[in-house]
Every structure is written in structure tokens, then in C-alpha cells.
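We name chains A, B, ... by the order of the sequence lines, and we start the count at 1 in each one.
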2 protein chains.
Amino acid sequence: MADANILNAGNTAASAQFLREAEIRRGIELLYFGYTNMVRGADGLLDSHGLGRAHHRALYFIARRPAMPVGDLLALLNITKQSLSRVLADLQTRGLVIQAVGQRDRRQRLLELTPEGAALEAALFEELRTGMAGAYAQAGQNAVTGFWAVLTGLIPAVDRPMIQELQAGL
Amino acid sequence: MADANILNAGNTAASAQFLREAEIRRGIELLYFGYTNMVRGADGLLDSHGLGRAHHRALYFIARRPAMPVGDLLALLNITKQSLSRVLADLQTRGLVIQAVGQRDRRQRLLELTPEGAALEAALFEELRTGMAGAYAQAGQNAVTGFWAVLTGLIPAVDRPMIQELQAGL
DNA sequence: CGAAATACGTCAACATGGCTGACGCAAATA
DNA sequence: TATTTGCGTCAGCCATGTTGACGTATTTCG
């Protein structure tokens, strides 16, 4: 992160060089292939449970933030409540997720994983963990820091607090 | 990249520490949000042309590798030819893509962008470029190198040559 | 207190972009 | 010449996103 200040301290010539199209395209492509390969890692396990990627995303975030209200999950997933409702209905029917009435605000429905849901999420996470841990180990800690920095920069500033809250204290 | 050797030279205790779950989850989440925000950047322009993300992916790769045979594009996109055929039919109908018979192998159909297709791809690329260039600039060159390294590690080794060929000489 | 806003659920219809299976044809290759 | 390869196509299905319209319980505000 400190590098940014050093490198871009008014050095527009170096910036222009640095931001050449080929380097941008390389980033786009690696991001595309890296992302799709990561999520593909869990497809087999999802399939064996009759679930899809949308279910995985919901399980993932509920595991990450237990007692999350439906509205917060909607904001993270950035989909409509109608889309989410199908996914949540599936998960509840299968006994993987339960809802509790909020205590502070009784209109809220707080989402929780059942023990079975937690077990499945853990198994799904393990599939992702393997790939990510391998990539981290190959690249080294310094690279991981850069990986985080660039990805953070891709997220609109308004959305960053939401994600920081997700990751806070973990 | 050299860091990896230094950091992981048989230091299993440090590795275990380094690969803690929280750091894995952070990577998963940033990769998810970073990827979705990047691709979302082009949605407006795609919409205004009546196209979707699948069309964008095809346009992108055809622009990247002119005269690419259909089979190569299928391998990059990792979808079925039936799925791709719908997308290519749309693009050809709109005059954005044309096919030429291969000279070496006349069974092949080599994909090319028309001038209109190239113009649209350039505009779509500009949407992505803005976001990626901003992230690169914020994070710094050193971070970008780490970003590439981690993402490369997420791609199965068998697939890497295909992507390197895509990026070769650019 | 009463009105308005909020959090959530639901029904219905539709679009996008994946998938499988089955066939056909022209061109290259064994 | 027989087989394999590269590509196209018809047909149907599935997962997951969308819009629009309503309903209900609860909270908040004037």
C-alpha cells in the first residue's frame, strides 16, 4: 500500500507506462479465470446436495455473519428479494437454515445455519480453502497483500464499509 | 514471486499461521466482490446494445485473439457449443462478428470482429479499464505483481498454458 | 395517537445463459 | 476408404436473475 504513494507521487510518465493496456487485460483475464476456477471447486459437492451456486453464496454469508437479517444479505448479494426468497426457501426446506425473529426489531428475520447447514458450509469452504491456500502459498505473503489491495481498489468506495464490517473482528 | 521461496522454505509453522481461515475468507470475499464489481461495470453499455454478459465474454476473447477458431473459444469459455452458438448467432446477426474458413484447416471457422464489433469491444474495454486502472494505481505496481501471482495460482496448472498463449506477445 | 415508512413474504410472468441428447455434414487423417 | 474432427442445429430443460403488484407486521415520526 505504501508503494502506491512512492510510485505514483506525481509521476505521470511512469503511471502512463504502468497502466498499459496489456497489463489491464492481463488483470481482467486472471481475475476472470481465477474467480471462475475458485467457484467451480465447490460445484461437485453442491451438485451432490442438489444445490447451486446461488445457494452456496447464501450459505457462505450466513456462516460468515450469523444472525444476519435478510436485508443485509440482500445488500451483500445485490439481487432482488424475490431471487433470494427462492434460495432461502430451498435452504430452509432442506433444514440447512433457520430464521429467528429479531429482538431489537421484530420485523427482522435473522438467518442462522442449522448444525447440518454449518457442516455443509464447512465442507464447501474446505473446497475453496484448498485452492486459495495453494495460491497463497505459491505466491507468498507479500503477494497476498497485493492481491487484497488491488481487489479492494476494484470495489466502489461506498461498498467497502459493508465488506469491512463483514470481515471485522475475524 | 521470489518471496514465495523465502517465506515457504520449509517453514511449516509460519505457513500454518499464514494460512489461517480468516485470511482465506478475506481472499474469497474480495475475489467475489472484486470480480462482480468489475463485470458490472459494463452492464449499462451492454444493455444499451441489447446484449448480455455472455456476449461480452465472447467479444472480449475474439478481440484478444483475432482469427480464433470456435473450438479455442469454447475451451476458454468452458461452456458447451450449444450455449456458445446462441451467443455467436446474436453477434453475427448484429454485424459485430464474422467467420472465415480456416486456410490451414478448412473445417475451422475463424472468428473476427467487424469494425462495429471492434468499436463496441473497445468501449466495453474502456469501462473495465477505468476500474482496473484505478485499482492498480491505488495499490501500486508491487501489489499488482502479487495480484497476478495469487490469481495465477488459483488456475489449475493444466489450464495455464492456454491463458499464457492468450496473453503471449502482448 | 395515527400516518407513514420499513422489513419481509409471496404470486406471476419473463429473460438470460447454462445444460443434455441427438443428428448432419464437410474436411482432415489414419 | 473408413474414421475422426470441427462445427452447426433442433429441441427441451434447468438455475437464477429480473419487474411489477400486493399484503402484513412492526417501527418510527409528526
In whole angstrom, give the distance that lies between atom [atom1] of [X] and atom [atom2] of [N].
X	N	atom1	atom2	value
B:H56	C:dG18	NE2	P	14 Å
A:D47	C:dC19	CG	P	12 Å
A:Q92	C:dC8	CD	C1'	12 Å
B:L73	C:dG17	CG	P	14 Å
A:R53	D:dA15	CZ	C1'	11 Å
A:D90	C:dG9	CG	C1'	15 Å
B:M68	D:dC7	CE	P	11 Å
A:L77	D:dT18	CG	C1'	15 Å

- Task: Give a yes or no on whether A:L88 and A:L110 share a hydrophobic cluster (residues Ile, Leu, Val, Met, Phe, Trp, Tyr; joining criterion: side-chain heavy atoms under 4.5 Å apart).
- Result: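 No, A:L88 does not connect to A:L110 through the hydrophobic network.
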- Message: Assuming nearest nucleotide by heavy-atom distance, tell me which of B:D72 and A:H55 is located more 5' along DNA chain D.
- Response: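 Its nearest nucleotide being more 5', the pick is B:D72.
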- Return the 5'-most residue of the pair B:P69, B:Q82 with respect to DNA chain D, ranking by each residue's nearest nucleotide.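 Looking at the nearest nucleotide for each, B:P69 comes out on the 5' side.
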- Query: With respect to the side chain of A:R109, which nucleotide from D:dG6, C:dC8, C:dG18 is positioned closest?
  - Reply: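 That would be C:dC8.
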- Query: Which listed nucleotide (C:dC8, C:dG18, D:dG17) is nearest to the side chain of A:S83?
  - Reply: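 Of all the options, the side chain of A:S83 is nearest to D:dG17.
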- Message: Students often mix this up, so state it plainly: with edges at 30° and 60°, are the rings of A:Y35 and B:Y35 parallel, tilted or perpendicular?
- Response: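 It falls in the parallel class, under 30°.
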- Would one find a side-chain N or O of B:R107 under 4.0 angstrom from OP1 or OP2 of C:dA28?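 No, because none of the side-chain N or O atoms of B:R107 sits under 4.0 Å from OP1 or OP2 of C:dA28.
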- Item | Residue-phosphate contact under 4.0 Å: A:T80 side-chain N/O, D:dT18 OP1/OP2 |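 Affirmative; the distance criterion is met.
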- Task: Please say whether more than 12 non-hydrogen atoms of neighbouring residues, nucleotides or ligands are located less than 6.0 Å from CD in B:E126.
- Result: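 More than 12 heavy atoms, drawn from other residues, nucleotides or ligands, come within 6.0 Å of this atom.
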- Between A:R25 and B:F125, is NZ or CZ placed under 6.0 angstrom from the six-membered ring centre and within 45° of the ring axis?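 Ring-cation test returns yes.
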- Is any NZ, NE, NH1 or NH2 atom of the basic residue among A:E29 and B:R64 found under 4.0 Å from an Asp or Glu carboxylate oxygen of the other?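 Between B:R64 and A:E29 there is a salt bridge, with a charged N closer than 4.0 Å to a carboxylate O.
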- Query: Would you say the side chain of B:K81 and the base of D:dG6 hold a donor-acceptor pair, judged only by whether the two atoms sit under 3.5 Å apart?
  - Reply: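 No pair found.
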- Query: When the nearest nucleotide of DNA chain C is assigned to B:D105 and to A:L88 on a heavy-atom basis, which residue is associated with the more 5' position?
  - Reply: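 First, find each residue's nearest nucleotide; the 5'-ward one identifies A:L88.
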- Base, sugar-phosphate, or nothing for B:R86, non-hydrogen atoms under 4.0 angstrom?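 It contacts base atoms.
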